[in-house]
Every structure is written in C-alpha cells, then in structure tokens.
Amino acid sequence: MDVLGVLNVGDFAQAFSKMGMFPVFDVAYYIVSILYLKYEPGSVEVSRRSPVASWLCAMLYCFGSYILADVMLGSSPLDYFQHNSHILLASAVWYLIFYCPLNLFYKCVAFLPVKLVLVALKEVVRARKIAAGVHHAHHAYHQGFFIMVIVGYVKGSGVALISNFEQLLRGVWRPETNEILSMSFPTKASLYGAILFTLQEAHWIPVSKSTLILLFTLFMITCKVTMTARHSHGSPFALVESWVCHVLFGSPLGGGEEDHHHAAPGPAPSSPIKTKEELSEGTRKRKSKKAE
C-alpha cells in the first residue's frame, strides 16, 4: 500500500472510478456487443427477414445483464428500458451495423485497430458493471455473499448466460452452446471478478474499491485486447484451472480452454476412391488371372 501511495495510484483510481461511462464507453460497449451479434450465423438473414427480432436480439446483447440481474433481485425486467437515451443510442448502433449502406459503419468498427480500442473501452464498462452489481446486492442482502457473487457475475457476463433464449429469437436452438457448460474467458473473468469485489465489500481484502476497479480493469483490457489481436479463444486461467480441477475433481489434465474451440479431428471418412495399395492389389489379381 505504501508503494501505491508513493505512485499516487490511489488518487488516480479514485478519479477513474468516478469517471462517467455515458456516452463514450457505453457506445463502445454497444458497438462491440452488436458486432458480436452480427458474427453469429444467420443474424444477417434475420435482420433482413425480421428487423424486430434482430432489434430484440441486439437489445439483449446490450442490456441482457441488466435484465437478468433485475429479475434476480425482484425488479421488473423492463426497468432498464426507462433509460431512453441508452435505448436510442443502442438502437442507432444496431441500425448502422446492420443497415448502413455498403456496410461502411461495420467495416470501420470491424477494422482491427479500431476494434481493439472499442474492446478496451468495453472492458472498462464490464468491470464497472461487476462492481455495481456486487454493491447493489450488498445493499439488498448485507450478509448474502453468495448473492453478491451471483449478481456481480450476471452483471459482467452480459447476454452469455441467456444466449440460448437469444438464439430462440433468431430461430436457432443450440443447447450445446450453454455458457455454463463451456464458459468463455469473459464469463470466467466476471465470476472471478465478482468474487474479488465481494471479498472487498466484506472488507476481507485490504484494497479500496476504486483501486480494485482500476486493477481489474487493467487486467481485463490487457487480456481481451491481446486475445482479440491474436484471434485467440483461449484463457489465461486454463493452466491453473486444469490443475485445480484435476486435484479437486479428478478431471483429466488437458489443453484447457482451447479444447472447446478446436475439437480433435475424428476418424477420416471412408472414401469411395481406391487407394494406391488397393489399385496395386487389383492389378496383381488381374495379372494372376491372365496367367492362369
């Protein structure tokens, strides 16, 4: 803590934690979220066939974490839709990404250097949402530490936890993509972040909330920007998780997260074309018949 004081990190963290997210950071969050929606198979066809379904999916991508957290805390799932400026801003981003002439807006925000900046800004919002979710649950349940973790986890995971419901709006049903069964890095990081913020809220970590927000945000930005630049779907937690699961639950030691995205090749299908050995064998048989 003395080192942090000498470096004046505490003051910077305090100012950073009070910085407003609207509109710059929120716009970046909406752009990256809806960009990932457009990457989903069939999403462009749905936007042409049913713009209403496409808009609902976009709103879930942008506000799914708020909706799910409100339901869990006993509030109306429509509460967040009272923020007209956020809804209009997200709707404008949705329209530009899916319907801008010549896909100009999509091409600009999907350009890798621009996308890396937007991803970094999105992670700032994610860290704030996790901290806000834990704080909100703490006010409702002062000793409900598991509730704090769950609400913070939901706030940070976004639409990932209700992805199957979102897929139904697009006419897709893929239960094997359940985020609980195969967690992505942002979902895992949201869970670990919610645990850290819960420990801080319970004063079990000797770090101020503003400093923890700053440190966790820097960690998320570094990981996500690096993974996006490398087009990687791995996880920096994979090695530790592999050993912990092996020791505690008897799970086999494997390659970690990459196994979920790079499946082992199956047995090669039998081809109707004969191999060279088979052709040679057939030729020998024909020659032996002629000799007879």
Side-chain angles (χ1 to χ4, degrees), residues 29 32-33 36 60-73 119-120 122-141 143-166 176-205 207 209 211-228 232-249 251 254 256-261:
Y29 186 90
V32 176
S33 298
Y36 288 154
L60 281 180
Y61 262 75
C62 294
F63 309 115
S65 58
Y66 297 103
I67 295 172
L68 187 56
D70 285 340
V71 170
M72 296 177 67
L73 291 174
V119 166
K122 179 183 178 180
E123 294 311 311
V124 176
V125 179
R126 189 195 303 275
R128 291 290 191 87
K129 288 168 65 177
I130 296 172
V134 171
H135 184 70
H136 188 187
H138 175 69
H139 273 280
Y141 304 92
Q143 300 299 323
F145 300 122
F146 287 101
I147 298 177
M148 296 180 203
V149 172
I150 293 172
V151 175
Y153 171 52
V154 167
K155 278 288 189 77
S157 299
V159 74
L161 297 178
I162 54 175
S163 59
N164 292 115
F165 175 73
E166 181 274 327
E176 71 278 1
T177 61
N178 189 322
E179 191 71 17
I180 300 296
L181 295 176
S182 179
M183 290 188 183
S184 60
F185 165 72
T187 306
K188 291 180 179 180
S190 297
L191 176 59
Y192 300 147
I195 294 173
L196 288 176
F197 283 108
T198 299
L199 294 176
Q200 192 281 328
E201 198 75 45
H203 304 290
W204 292 344
I205 295 180
V207 177
K209 179 183 291 186
T211 303
L212 184 58
I213 290 175
L214 176 62
L215 295 177
F216 185 73
T217 301
L218 291 176
F219 169 76
M220 291 298 297
I221 290 175
T222 303
C223 292
K224 279 296 292 181
V225 169
T226 303
M227 292 167 62
T228 304
S232 170
H233 297 284
S235 169
F237 308 127
L239 182 61
V240 176
E241 288 173 347
S242 179
W243 278 100
V244 170
C245 291
H246 176 70
V247 172
L248 296 181
F249 308 112
S251 303
E257 188 73 17
E258 296 290 342
D259 296 339
H260 298 298
H261 302 276

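Positions are given from 1, in the same order as the sequence printed here.
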Q) With sequence neighbours excluded, what pairs up with Tyr66 under the ring pair (Phe, Tyr, Trp, His ring centres under 6.0 Å) test? A) Tyr80

(Q) Students often mix this up, so state it plainly: with edges at 30° and 60°, are the rings of Phe145 and Trp204 parallel, tilted or perpendicular? (A) tilted

Q) What pairs with Lys129 under side-chain hydrogen bond (donor to acceptor under 3.5 Å, both in side chains), at least two apart in sequence or on another chain? A) Tyr29, Ser65

Q: Given side-chain contact (heavy atoms from CB on, under 4.5 Å), test Arg128 with Ile213 step by step and report yes or no.
A: CA-CA 7 Å; Arg128 291 290 191 87; Ile213 290 175; 4.2 Å; yes

Q. Taking all non-hydrogen atoms of both residues, which atom of Val119 and which atom of Thr228 are closest, and how far apart?
A. CG1-OG1, 4.0 Å

Q. Distance from Ile180 atom CD1 to Leu161 atom CG, nearest 0.5 Å?
A. 5.0 Å

(Q) Can you list everything that forms a side chain to side chain contact (heavy atoms under 4.5 Å, CB included) with Phe146? Sequence neighbours excluded, please. (A) none

Q | Under the side chain to side chain contact (heavy atoms under 4.5 Å, CB included) test, residues paired with Ala120 that sit two or more places apart | A | Ile221, Val225

Cut-off 3.5 Å, no hydrogens considered: what does the side-chain donor-acceptor table look like for residues 150-160, sequence neighbours left out?
unit_1: Ser157; atom_1: OG; unit_2: Tyr153; atom_2: O; d: 2.8

Q: Return yes if some donor-acceptor pair links the side-chain N/O of Thr226 with the main-chain N/O of Thr222 below 3.5 Å, else return no.
A: yes

Q: Tell me, please, which residues at least two apart from Glu166 pass salt bridge (Lys or Arg N to Asp or Glu O under 4.0 Å).
A: Arg170

Q: Measure across Phe185 and Gly234 and return the closest heavy-atom pair with its distance rounded to 0.1 Å.
A: CB-O, 4.0 Å

**Q.** From CD1 (Ile162) to OH (Tyr61), nearest 0.5 Å
**A.** 10.0 Å

Q. What is the minimum heavy-atom distance between Ile205 and Leu196, and which atoms define it?
A. CD1-O, 3.6 Å

Q: Go through the structure and list residues passing ring pair (Phe, Tyr, Trp, His ring centres under 6.0 Å) with His136, not counting sequence neighbours.
A: none

**Q.** side chain to side chain contact (heavy atoms under 4.5 Å, CB included) involving Leu218 - partner list, sequence neighbours excluded
**A.** Leu214

Q | Gap between atom CG of Leu68 and atom CZ of Phe165 - 0.5 Å precision | A | 11.0 Å

Q) What are the two closest heavy atoms between Val207 and Leu212, and how far apart are they? A) CG1-N, 3.9 Å

Q. Rounded to the nearest 0.5 Å, how far apart are CZ of Arg126 and CE of Met220?
A. 5.0 Å

**Q.** Contacts of Lys224 that satisfy side-chain hydrogen bond (donor to acceptor under 3.5 Å, both in side chains) - sequence neighbours left out
**A.** none

Q: Run the numbers on Tyr192 and Ile130 for side-chain contact (heavy atoms from CB on, under 4.5 Å), then give the verdict.
A: CA-CA 10 Å; Tyr192 300 147; Ile130 296 172; over 6 Å; no

Q.
Return the SG to CD1 distance between Cys62 and Ile67, rounded to the nearest 0.5 Å.
A. 10.0 Å

Q | CE-NE2 distance between Met148 and His139, expressed to the nearest 0.5 angstrom | A | 10.0 Å

Q: Not counting sequence neighbours, which residues clear ring pair (Phe, Tyr, Trp, His ring centres under 6.0 Å) with Phe216? List them please.
A: Phe197

Q | Minimum heavy-atom distance between His246 and Ser251, given as atom pair plus value | A | ND1-O, 2.8 Å

Q | By side-chain hydrogen bond (donor to acceptor under 3.5 Å, both in side chains) - contacts of Thr187 (at least two apart) | A | Glu179, Ser184

Q. Among all residues two or more places apart in sequence or in another chain, which pass the side-chain hydrogen bond (donor to acceptor under 3.5 Å, both in side chains) test with Gln200?
A. none

